[in-house]
Amino acid sequence: MSERHPVTSATGSDVRVRFCPSPTGLPHVGLVRTALFNWATARHTGGTFVFRIEDTDAARDSEQSYGQIVEALTWLGLDWDEGIDVGGPDGPYRQSQRGEIYRDVIERLTASGHLYESYLTAEEIEARNRAEGRAVQQGYGNWERDLTDAEKAAYRAEGRQPALRLRVPDEDLSFDDLVRGPITFPAGSFPDFVLVRPGGLPLYTLVNPVDDALMRITHVLRGEDLLPSTPRQIALYHALIDIGVAEWIPRFGHLPLVLGEGTKKLSKRDPESNLFLHRERGFIPEGLLNYLALLGWSLAPDQDVFSREQMAAAFDAGQVNPNPAHFDLRKAESINGDHIRLLDPADLAARMVPYLQLADVLPEHPSEEQLALLAELTPLVQERMQLLGQAPGLLGSFFTTADGLVYEDEALASLKGDTAGVLAAADEALTGVGDWSTESVQQALQDALVERMGLKPRLAFGPVRVATSGRRVSPPLFESLALLGREETLARIRRLAATLA
């Protein structure tokens with residue numbers, strides 16, 4: 001860029017980034033990934049993270065969506081320094097409340113000649129292109145840059161109201177993308193474009209850069225799908241610098257697309273894109289943020305699991321991979337499981353409680369005895385869980401009785417061989433256990449089923465597992481039986497035996 005239109009050279013604590021979603025639906029993972037990378041940039045540099053809302057589309061915006069976006073960032077721990085609910089020197093932080101600011105900038109851009117009145121309709125533009133032998137897709141031909149007062153008056157006499165177009169500089173527009181490197185849009189790549197609709201309503205193409213300029217945003221990290229609009233923003237920045245609204249052009253970085261299956265962009269309608277659906281299934285913030293960070297960035301070639309703080313310490317937008325990133329739900333769940341295993345058991349137990357309550361495993365107000373049992377059970381399932389939503393299935397059998405235990409169809413179908421004989425032998429062996437402990441239970445079953453009956457462990461212990469948990473997969477068997485106690489364990493074994501008889 002020229003000295004007249006400099007690009008910011010901000011580093012360190014002078015860095016200012018922003019997250020500015022439109023409240024038009026549920027927060028999706030691509031949106032959150034953008035927030036995460038901006039947050040990490042601010043935390044890495046010691047700069048400022050600004051959170052504002054772009055809510056000028058009354059037909060699509062909703063307060064419900066606005067609240068959900070705030071909830072999402074709060075749940076994920078992506079705190080912001082200025083903006084919504086926090087305040088700051090550049091408020092208000094909702095576009096719908098900044099109308100006077102935009103009107104003032106529009107007046108200044110018009111007075112300086114950067115904006116001009118345009119009256120031609122879409123049909124007239126198409127007709128003129130055909131008449132001049134231009135391709136229709138070339139769009140507007142900058143025909144009204146120098147309308148006379150008489151021509152304007154004639155249009156107004158017809159009842160027309162003008163749109164306002166930006167006079168695009170007749171020069172190449174180049175920038176050094178933080179992710180993709182140098183990019184140039186040659187002069188004439190696009191025509192003068194509308195910034196203000198007839199009637200005076202400013203478009204997103206105006207208000208977004210104006211807010212960035214007035215909030216002194218130095219680095220704009222956003223999705224790759226917005227790359228085609230970047231030269232228009234730079235053209236507007238030239239004008240904003242000329243009238244003293246902006247001091248510089250920010251650095252732009254366009255983040256890779258997040259793809260679903262195949263090569264299709266992950267849509268808002270895809271279940272994998274729904275942030276709250278992931279939370280309902282039992283993702284924890286630490287695990288989900290870690291995985292979203294991997295959609296275009298990595299801490300190290302051999303380290304997929306890292307904390308939010310480790311990411312902030314190392315993040316550099318220049319290291320983001322420009323290639324599209326695929327959302328792999330299986331890997332996301334695996335990463336989440338790794339973070340579950342890093343939790344303190346008491347912390348994990350507390351996080352499981354809402355999921356257990358939702359499934360009616362625990363009541364609204366669990367007793368001290370129930371919470372104490374959960375604390376004992378947590379280390380048994382911590383190594384086996386990938387999602388908090390698995391807690392009811394893994395732990396539900398411990399909070400019921402033999403009469404209330406439900407056998408899963410899959411578990412019953414897994415029973416092979418002499419199940420009745422195995423259950424009878426297990427009943428006899430466990431009845432004779434003196435000191436009821438994990439070790440004594442394991443020894444008794446091992447002697448009776450593996451040594452004396454000659455069964456392989458899977459066939460030996462499978463029926464006991466199904467009898468006591470109702471499931472084919474459960475927490476470690478012998479530890480589970482020790483916690484269930486002698487009477488409850490024997491009651492469950494006898495109930496399955498009677499059920500199969």
Side-chain angles (χ1 to χ4, degrees), residues 5 22 24 54 56-61 95 99 102-175 183-210 222-243 245 252 254 265:
H5 302 117
S22 297
T24 57
E54 306 206 328
T56 52
D57 189 342
R60 298 177 65 227
D61 297 335
Q95 281 184 347
Y102 304 137
R103 283 190 288 274
D104 175 65
V105 173
I106 290 168
E107 289 177 7
R108 293 165 66 181
L109 287 170
T110 303
S112 63
H114 287 290
L115 292 184
Y116 64 86
E117 295 181 0
S118 171
Y119 294 87
L120 293 178
T121 66
E123 293 76 16
E124 289 170 335
I125 290 171
E126 181 176 339
R128 185 171 291 201
N129 275 324
R130 294 186 187 281
E132 295 181 2
R134 287 160 44 96
V136 172
Q137 57 266 33
Q138 285 187 262
Y140 185 69
N142 301 349
W143 298 293
E144 298 165 289
R145 280 186 169 189
D146 301 307
L147 288 179
T148 65
D149 290 341
E151 289 171 320
K152 294 176 186 176
Y155 278 127
R156 289 183 180 275
E158 296 176 10
R160 302 196 192 196
Q161 287 185 309
L164 298 180
R165 291 183 182 269
L166 179 72
R167 196 181 300 270
V168 174
D170 295 320
E171 60 186 68
D172 293 352
L173 294 174
S174 302
F175 66 101
I183 297 175
T184 296
F185 290 84
S189 295
F190 56 94
D192 297 347
F193 56 96
V194 174
L195 288 178
V196 184
R197 287 194 180 101
L201 186 66
L203 293 171
Y204 169 86
T205 43
L206 173 81
V207 296
N208 177 272
V210 166
R222 56 189 195 160
E224 177 189 354
D225 53 322
L226 295 173
L227 178 57
S229 72
T230 304
R232 289 175 169 80
Q233 292 210 352
I234 292 173
L236 176 55
Y237 260 101
H238 284 207
L240 295 176
I241 291 172
D242 288 347
I243 65 171
V245 169
F252 290 90
H254 292 89
K265 181 183 177 183

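For clarity, every value in this text was computed on a predicted model and none was experimentally measured. Because only heavy atoms are used, hydrogens play no part in the values below, and waters and symmetry mates are left out as well, while side chains stay in. By convention here, the first residue in the shown sequence is residue 1.
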Which value, rounded to the nearest 0.5 Å, describes the distance between [X] atom [atom1] and [Y] atom [atom2]?
X: D61; Y: S22; atom1: CG; atom2: OG; answer: 6.0 Å
X: Q137; Y: N129; atom1: CD; atom2: CG; answer: 9.0 Å
X: S112; Y: D242; atom1: OG; atom2: CG; answer: 7.5 Å
X: L164; Y: L109; atom1: CG; atom2: CG; answer: 9.5 Å

Can you confirm whether [X] sits close enough to [Y] that some side-chain heavy atom of one is under 4.5 Å from a side-chain heavy atom of the other?
X: L195; Y: F193; result: yes
X: F190; Y: Q138; result: no
X: L240; Y: H114; result: no
X: V207; Y: E54; result: no
X: Y102; Y: V210; result: yes
X: T121; Y: R160; result: yes
X: E117; Y: E144; result: no
X: P202; Y: I106; result: yes

May I ask you to check whether W143 and E132 show a side-chain donor-acceptor distance below 3.5 Å?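 Their side chains do contain a donor-acceptor pair, which is all the 3.5 Å distance test asks for.
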Does a side-chain N-to-carboxylate-O contact under 4.0 Å join K152 and D146?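 Salt bridge: no.
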Going by an N to O cut-off under 4.0 Å, is there a salt bridge joining R103 and E107?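 Not counted as a salt bridge, because no side-chain N and carboxylate O are separated by less than 4.0 Å.
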Apply the side-chain contact (heavy atoms from CB on, under 4.5 Å) test between L115 and each candidate in D192, L166, V194, V105; give the one that qualifies.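 Between L115 and the candidates, side-chain contact (heavy atoms from CB on, under 4.5 Å) is satisfied uniquely by L166.
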Of all heavy-atom pairs between V168 and P191, which one has the smallest distance, and what is that distance?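 The answer is CG2-O, 3.7 Å.
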Main-chain N/O of [Y] paired with [X] side-chain donor or acceptor, under 3.5 Å:
X: D172; Y: T184; answer: no
X: R167; Y: R145; answer: yes
X: R197; Y: L203; answer: no
X: R134; Y: G139; answer: yes

Take the angle between the ring planes of Y155 and Y119 and call it parallel below 30°, perpendicular above 60°, tilted in between.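 Parallel.
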Describe, in one word, how the ring planes of F175 and F185 are oriented to each other, choosing from parallel (under 30°), tilted (30 to 60°) and perpendicular (over 60°).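 Taking F185 first and then F175, their aromatic rings lie parallel (interplane angle under 30°).
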Please table the atom pairs, donor to acceptor, closer than 3.5 Å between any side-chain atom in residues 229-236 and protein atoms at least two apart or in another chain.
{"residue": "S229", "atom": "OG", "partner": "R222", "partner atom": "NH2", "Å": "3.3"}
{"residue": "S229", "atom": "OG", "partner": "L226", "partner atom": "O", "Å": "2.7"}
{"residue": "T230", "atom": "OG1", "partner": "R222", "partner atom": "NH2", "Å": "2.8"}
{"residue": "T230", "atom": "OG1", "partner": "L227", "partner atom": "O", "Å": "3.1"}
{"residue": "T230", "atom": "OG1", "partner": "H254", "partner atom": "NE2", "Å": "2.8"}
{"residue": "Q233", "atom": "NE2", "partner": "N208", "partner atom": "OD1", "Å": "3.1"}

Test log, rule salt bridge (charged side-chain N to carboxylate O under 4.0 Å, His left out), inputs R130 and E126: CA-CA 6 Å; R130 294 186 187 281; E126 181 176 339; 2.8 Å; yes
